[in-house]
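The structure presented is a predicted model; accordingly, all values stated were derived computationally and were not measured.
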Amino acid sequence: MNFLKKNWISFVIALIFIGFLCMVYVIRQQNLYEKNPGLIPPRNNYDVKIELNDQEKAKLEEELKKYDDLIQNFVPATGQQEVDLWDGNKGMIEPISKPDAQRFYGKATALEKLGRYTEAIKTLNEVFEHYEESATARNSLWLLYSKVGEHKYAIMNFQKIIDTFGDPIFQYYERIIRTYLIIWDGEQAWQRYIKYEKAWGKRNEELMSLIKAAKLQTK
């Protein structure tokens with residue numbers, strides 16, 4: 001107690017400094033997640049129990065092990081490699097320096113079918129370590145996050161597709177509109193609908209009605 005009395009100013013300064021560091025860390029993490037929402041780790045345990053017979057479960061476990069082994073045992077090649085070209089000549093190609101993304105998708109699919117959604121999300125996150133702009137991984141994360149009720153993260157991943165690859169076809173807008181409608185965000189749904197109708201070239205009365213109801217709900 002005497003120590004605290006004598007050094008209370010230093011103690012308070014230390015607490016303020018620690019609080020400042022924590023705030024900086026949170027802000028940096030948030031900025032990182034906004035830049036690349038695929039990096040967001042699962043916030044909860046999303047696993048569910050799926051009824052499978054022994055044969056079905058064994059088959060999926062076998063698939064999971066196959067893809068997991070392919071990922072874990074991948075060894076990046078070095079130096080250019082010589083290959084035979086279609087005309088009989090020799091050519092040089094760049095070595096395979098990162099694992100095929102299909103290995104991650106295969107593993108994530110097996111995990112999802114086993115009800116292990118949390119690990120499936122983690123596996124899809126790993127894709128971005130090798131393929132930063134993977135639209136397939138983001139679309140898969142959108143589906144998984146939607147399935148587990150994390151619509152905010154679903155939207156973040158789908159919006160990243162739009163931001164990265166430009167205005168997509170109108171069906172893409174419809175997906176993100178319907179995700180916003182699930183969380184009753186009528187204003188954001190309406191903003192996407194404007195672009196949706198422009199891309200499609202005609203009105204969607206069903207979506208218009210749903211967006212109107214969402215707007216009324218939030219008033």
Side-chain angles (χ1 to χ4, degrees), residues 26-52 101 104-105 108-128 131-219:
V26 170
I27 293 174
R28 289 184 63 183
Q29 287 297 105
Q30 185 61 38
N31 290 337
L32 177 64
Y33 294 156
E34 289 178 0
K35 181 179 179 182
N36 193 339
L39 295 175
I40 298 177
R43 300 298 188 181
N44 300 294
N45 179 8
Y46 303 117
D47 294 354
V48 296
K49 186 176 181 179
I50 296 181
E51 296 296 332
L52 299 168
F104 295 96
Y105 303 143
T109 298
L111 286 166
E112 182 180 354
K113 290 180 179 179
L114 286 166
R116 294 158 63 176
Y117 292 165
T118 308
E119 291 177 74
I121 291 173
K122 289 180 180 178
T123 299
L124 290 171
N125 285 342
E126 293 174 18
V127 174
F128 299 110
Y131 303 91
E132 185 178 349
E133 306 299 345
S134 175
T136 302
R138 296 197 184 284
N139 189 60
S140 298
L141 278 170
W142 166 70
L143 289 168
L144 262 179
Y145 274 127
S146 296
K147 184 176 289 189
V148 301
E150 292 282 12
H151 302 294
K152 175 184 176 182
Y153 297 137
I155 290 170
M156 287 174 69
N157 273 282
F158 209 87
Q159 185 62 49
K160 185 66 175 179
I161 296 177
I162 296 174
D163 294 341
T164 302
F165 299 100
D167 288 349
I169 56 178
F170 67 89
Q171 289 95 330
Y172 278 28
Y173 281 120
E174 182 172 356
R175 291 181 186 179
I176 201 168
I177 288 168
R178 293 189 183 279
T179 306
Y180 272 119
L181 289 173
I182 291 173
I183 57 177
W184 294 98
D185 193 334
E187 185 57 39
Q188 289 296 330
W190 172 247
Q191 294 301 321
R192 299 308 189 283
Y193 178 82
I194 294 172
K195 296 181 178 181
Y196 165 84
E197 187 173 296
K198 183 178 180 181
W200 194 24
K202 58 182 179 179
R203 292 167 62 89
N204 186 316
E205 297 297 340
E206 179 208 1
L207 280 183
M208 289 281 288
S209 177
L210 291 172
I211 292 170
K212 183 178 179 179
K215 282 189 171 184
L216 291 174
Q217 180 76 13
T218 54
K219 285 185 178 180

(message) Would you compute the distance between atom OG1 of Thr123 and atom CG of Leu111 and round it to the nearest 0.5 angstrom?
(response) 5.0 Å

(message) What's the separation between atom OH in Tyr172 and atom NZ in Lys195, rounded to the nearest 0.5 Å?
(response) 16.0 Å

(request) May I ask you to check whether Asn157 and Tyr145 show a side-chain donor-acceptor distance below 3.5 Å? (result) no

(message) Would the distance check show the side chain of Asn45 and the main-chain N or O of Thr118 forming a donor-acceptor pair, the cut-off being under 3.5 Å?
(response) no

(message) Within this structure, what is the CD1-CD distance for the pair Ile121 and Glu119, rounded to the nearest 0.5 Å?
(response) 11.0 Å

(message) Restricting to non-hydrogen atoms, name the atom on His151 and the atom on Ile183 that form the minimum distance, rounded to 0.1 Å.
(response) CB-CG2, 3.6 Å

(request) Supply the atom-to-atom distance Ile176 CD1 to Ile162 CD1, rounded to the nearest 0.5 angstrom. (result) 4.5 Å

(request) Working to the nearest 0.5 Å, report the span between CZ of Arg178 and CZ of Arg192. (result) 15.5 Å

(request) Identify the two heavy atoms, one from Ser140 and one from Leu124, that lie closest to each other, and give their separation to 0.1 Å. (result) CB-CD1, 3.7 Å

(request) Go through the side-chain N and O atoms of Glu150 and Tyr46 and say whether any donor and acceptor fall under 3.5 Å apart. (result) yes

(message) Run Glu187 and Gln191 through side-chain contact (heavy atoms from CB on, under 4.5 Å) and show every step you take.
(response) CA-CA 6 Å; Glu187 185 57 39; Gln191 294 301 321; 2.9 Å; yes

(message) If you define the side chain from C-beta out and look only at heavy atoms, does anything of Arg138 sit under 4.5 Å from Phe128?
(response) yes

(message) Suppose we screen for side-chain contact (heavy atoms from CB on, under 4.5 Å). Which residues come up paired with Ala101, at least two apart in sequence or across chains?
(response) Tyr105, Tyr131

(message) Go through it in stages, so that I can follow the logic: the residues are Ile161 and Trp142, the test is side-chain contact (heavy atoms from CB on, under 4.5 Å), and I'd like the CA-CA distance, side-chain angles, deciding distance and then a yes or no.
(response) CA-CA 10 Å; Ile161 296 177; Trp142 166 70; over 6 Å; no

(message) Distance check, rounded to the nearest 0.5 Å: Asp185 atom CG versus Lys215 atom NZ?
(response) 10.5 Å

(message) Quick one, Tyr153 and Leu141 - any side-chain contact, counting heavy atoms below 4.5 Å?
(response) no

(request) Considering non-hydrogen atoms only, spot the tightest contact between Ala214 and Gly186 and give its length. (result) CB-CA, 3.7 Å

(request) Tell me, with the steps shown, if Tyr193 and Leu207 meet side-chain contact (heavy atoms from CB on, under 4.5 Å). (result) CA-CA 8 Å; Tyr193 178 82; Leu207 280 183; 4.1 Å; yes

(request) For the residue pair Lys122 and Tyr117, establish whether any side-chain heavy-atom pair is separated by less than 4.5 Å. (result) no

(message) Test of understanding: with side chain to side chain donor-acceptor pair (under 3.5 Å), list the residues that count as partners of Thr136, not counting sequence neighbours.
(response) none

(message) Would you say that Leu144 contacts Glu112 through its side chain, given a criterion of any heavy-atom pair below 4.5 Å between the two side chains?
(response) yes

